[in-house]
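This report refers to the structure that appears directly beneath it.
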Amino acid sequence: MKKKLLSAVLSAAMLATMLTGCGGNDSAQTQTPAADTKAEDTPKADTNADDAAADDTAADDTQADASAASGSGKVYYLNFKPEQAGDWEELAATYTAETGVEVVVQTAASGTYESTLKSEMAKTEAPTMFQVNGPVGLATWKDYCYDLSGSEVYGQLTSDEFALKDGDEVKGIAYVVETYGLIYNADILNDYFTKDYAVVKSVEEINSFDNLKAVADSIQENADDLGVKGAFTSAGMDSSSDWRFKTHLANLPIYYEYQADGISATEAIKGTYLENYKNVWDMYITDSVCAPSMLSSKTGEDATADFALGEAVFYQNGTWAYTDLSANGMEDESLGMLPIYIGADGEENQGLCTGSENYWCVNKNASEEDIQATLDFMNWCVTSHEGCDSLSYVMGFVCPFKEFENYPAANPLVRIANDYVSSGKTPVAWTFTTMPSENWKNGVGSALLEYAQGTGEWSAVETAFVDGWASEYAATNN
C-alpha cells in the first residue's frame, strides 16, 4: 500500500459517494471510535414549551447577526472522546487566549456519554456544544438541537452527506470520519510469511475469512516460534473494550443483511449473518493471548498493551487507536490494517468499516450570546490553522471540511484507509448507528461474554440480537 496519500477532503468526498452507494441516502443511514451514544428516554427540558419556542426565535435572530461581538458569550463543550480530552483542553485554551472567549471542555468517561449528557443538560449551566452518534441519538436530543443550516461551520462541509438532518433542519454536523478494521503488526506478519508453516506468503492473500482464520490458526499453533502469545489481542468485555464486539463487530452482520435486503434500517433484524458473527467471535477468543474465561476482567488498555508489546499480531480497532499505539512505542511502518472478513459473498472486494458517530450539536436552549460564541468556536476549529492543525495532526482526525485539503493526514492508519478507497474497495458503512438502543448492545455483549466463558449458549446471543432488537426498537419508537 504505497499509493500517494489522498487529501482529507478527497477521502471525505469519495467516502460520501461510496457510502451513499452502499446504503442509499436515507436519513437513518449515517456514517461512525470509541464509546457509543445511543437513544434512551428523552430527558425533560429545562424550559417549558413557550420558553423553548422563545429560545428558538432568539437563537435564529442570533444566527442572522453574524457581527455578534467576540467575548460576549462562553462555550461549554461536553466531549465524547476520552482519548482526546487533553487535546481539546489545549485547543480551548488557545482559543481563549486568542479571542478572550471562555471555553470549558468536560469529557465523559468511556461508555458514559449518554448518562453524563443527561445529567449535564439538567443543570443551569448546561453544555452549549455536545454530540450525538447519528439518527438514533438524534431521536433523543433533537428537541435540544439548534438548526445549523445557516451557520458558517455547516457551509464548510465538503458534502451534505455529513450533515445530520431532521426534515429541512440541520441538527448535527459530523466533524470526524473514522475507520476501523483489523490492525496488524507488519513486522511479525512479515516474519510469519517467511516460515515454512505459513499458509500464505503475503498480506494481499488475506482477503477472506477462510484465509484470515487459516493464518490466525497457524500463528496460534506456532506462537512460541514467532515470539507471540497469540494471534489476536484479548477480547476484553468490560466497558472500555466491549464496544469493539457488541457494536463494531456486530456492524458486519447488520451491514451485510442490509445489503442483501436493500435497506438502510429496520425495526426487526433477521440475523441472516449471525453464524458468520459466531465464526469471527470464536476465532477472536480461541486464537488469542488469553483464555476465554479471562475476558470479563480484560480491558481496552490490556488489548492495547497486548498489541504494542508485540504479544499479538491482530488487534480489532480503528484509526483513533494510532495515538495510543504510537505513545506505546510502535513505529508507523509496523502498522497495517485489514478489513474484518466474516465469510460473506464478495468480501474480497470489501474495504474497511468507515463512517462517523461524532456529530456536533449546539444547545438551542443556551443564551443567544452562548449560541453565537459556540458557533464561532466550531467554525474556528475547522478553518483556523490552530484548529485544523490540532484536529489533523494532534488528534489524528480526518475531518470532512474544506480547509482540511491543506492538512493531509499524518496517521498511517488513515493513509491505509485512503488506499483502500482509491483502489476501489467498497467501504463498509457504519450501520451500527441504527442499532435500537444501548440496552440492545448490552444484551448482546452479556450473551457474548457468557458464551465465551462457557456459561451460556450461542442461542442466547441470537435471541439477544434478534428478539432484543425487536423489543428495544418498539420500546424506543413507541
Side-chain angles (χ1 to χ4, degrees), residues 32-43 80-82 108-119 131-141 180 234-255 257 265-269 271 273-274 277-278 280-281 284-285 292-303 316-317 357 430-478:
T32 155
D36 303 298
T37 314
K38 289 299 163 203
E40 297 178 34
D41 294 335
T42 304
F80 179 71
K81 288 179 163 293
S110 179
T112 70
Y113 192 82
E114 187 74 6
S115 59
T116 302
L117 181 58
K118 283 186 176 183
S119 175
Q131 295 179 221
V132 298
N133 76 318
V136 174
L138 183 62
T140 296
W141 294 103
Y180 69 91
S234 52
M237 291 299 290
D238 86 322
S239 62
S240 69
S241 177
D242 65 350
W243 50 267
R244 295 190 292 140
F245 313 111
K246 69 183 184 182
T247 303
H248 284 186
L249 180 58
N251 183 77
L252 275 298
I254 297 169
Y255 167 79
E257 181 172 322
T266 185
E267 63 184 42
I269 200 78
Y273 291 88
L274 284 183
Y277 187 39
K278 176 182 182 297
V280 178
W281 183 239
Y284 281 5
I285 64 177
S293 59
M294 298 176 63
L295 295 184
S296 63
S297 62
K298 291 294 183 178
T299 68
E301 289 184 356
D302 291 328
Q316 187 197 297
N317 217 324
E357 63 168 349
W430 282 18
T431 54
F432 64 75
T433 59
T434 67
M435 290 174 178
S437 71
E438 190 68 23
N439 285 335
W440 180 84
K441 293 182 188 181
N442 291 338
V444 171
S446 295
L448 283 174
L449 177 58
E450 290 180 6
Y451 169 75
Q453 295 179 149
T455 57
E457 301 295 328
W458 182 256
S459 59
V461 178
E462 295 175 333
T463 298
F465 208 102
V466 177
D467 296 349
W469 185 294
S471 61
E472 285 299 313
Y473 185 93
T476 56
N477 291 274
N478 54 3

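Please read these numbers as outputs of a predicted model, since none were measured by experiment.
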Exercise for review: Please work out whether the ring planes of Trp281 and Tyr284 are parallel, tilted or perpendicular, with thresholds of 30° and 60°.
Suggested key: perpendicular
Check your understanding: Do you see a donor-acceptor pair shorter than 3.5 Å between the side chains of Trp141 and Gln131?
Key -> no
Point to revise | Flag for Thr431-Asn251: side-chain donor and acceptor within less than 3.5 Å | key: yes
Review point. To the nearest 0.5 Å, how far apart are CG in Leu448 and CG in Asp242?
Key: 9.5 Å
Exercise for review: Could you walk me through whether Thr140 and Glu114 pass the side-chain contact (heavy atoms from CB on, under 4.5 Å) test, one step at a time?
Suggested key: CA-CA 10 Å; Thr140 296; Glu114 187 74 6; 3.8 Å; yes
**Study point:** Distance in Å, Ser297 OG paired with Met237 CE, rounded so as to fall on 0.5 Å steps
**Key:** 12.5 Å
Exercise for review: Report yes or no: do Thr299 and Asp302 form a side-chain donor-acceptor pair below 3.5 Å?
Suggested key: yes
Exercise for review: Apply side-chain contact (heavy atoms from CB on, under 4.5 Å) to Glu267 and Asn477, showing your working.
Suggested key: CA-CA 9 Å; Glu267 63 184 42; Asn477 291 274; over 6 Å; no
**Study point:** Minimal non-hydrogen separation, Ser110 against Pro82, with atom names
**Key:** N-CG, 3.7 Å
**Study point:** Under 3.5 Å side-chain donor-acceptor pair for Ser437 and Asn439
**Key:** no
Exercise for review: Without swapping roles, check the side chain of Trp469 against the backbone of Thr266 for a donor-acceptor pair under 3.5 Å.
Suggested key: yes
Study note, to complete from the structure: Correct closest heavy-atom pair for Pro436 and Tyr473 would be CB-N, 3.7 Å
Review point. Is a donor on one side and an acceptor on the other found under 3.5 Å between the side chain of Thr476 and the backbone of Glu472?
Key: yes
Check your understanding: Do Ser119 side-chain atoms and Ser115 backbone N/O form a donor-acceptor pair below 3.5 Å?
Key -> no
Review point. So, for Gly236 and Ser241, which heavy atoms are closest and what is the spacing to 0.1 Å?
Key: O-OG, 2.8 Å
Point to revise | Straight-line distance of Asn317 CG to Trp243 CH2, nearest 0.5 Å | key: 4.5 Å
Check your understanding: So, the side chain of Glu462 versus the backbone of Gly271: is there a donor-acceptor pair under 3.5 Å, distance only?
Key -> no
**Study point:** Donor-acceptor pair, side chain of Ser234 and main chain of Lys298, under 3.5 angstrom
**Key:** no
Exercise for review: Walk me through it: do Ile285 and Leu295 pass the test side-chain contact (heavy atoms from CB on, under 4.5 Å)?
Suggested key: CA-CA 9 Å; Ile285 64 177; Leu295 295 184; 3.6 Å; yes
Check your understanding: Which is it for Met435 and Thr247 under the side-chain contact (heavy atoms from CB on, under 4.5 Å) test, yes or no, and what are the steps along the way?
Key -> CA-CA 8 Å; Met435 290 174 178; Thr247 303; 4.3 Å; yes
Check your understanding: Where the side chain of Arg244 meets the backbone of Gln316, is there a donor-acceptor pair that is under 3.5 Å apart?
Key -> yes
Exercise for review: Would you check if Leu274 and Val461 make a side-chain contact, meaning some heavy-atom pair closer than 4.5 Å?
Suggested key: no
Study note, to complete from the structure: Only one of Tyr277, Tyr451, Tyr273, Trp458 passes ring pair (Phe, Tyr, Trp, His ring centres under 6.0 Å) with Phe465, and that residue is Tyr277
Review point. Do Lys246 and Trp440 touch side chain to side chain, with heavy atoms closer than 4.5 Å?
Key: no
Practice item. Keeping the roles fixed (side chain from Thr112, backbone from Ala109), state whether a donor-acceptor pair exists under 3.5 Å. Key: yes
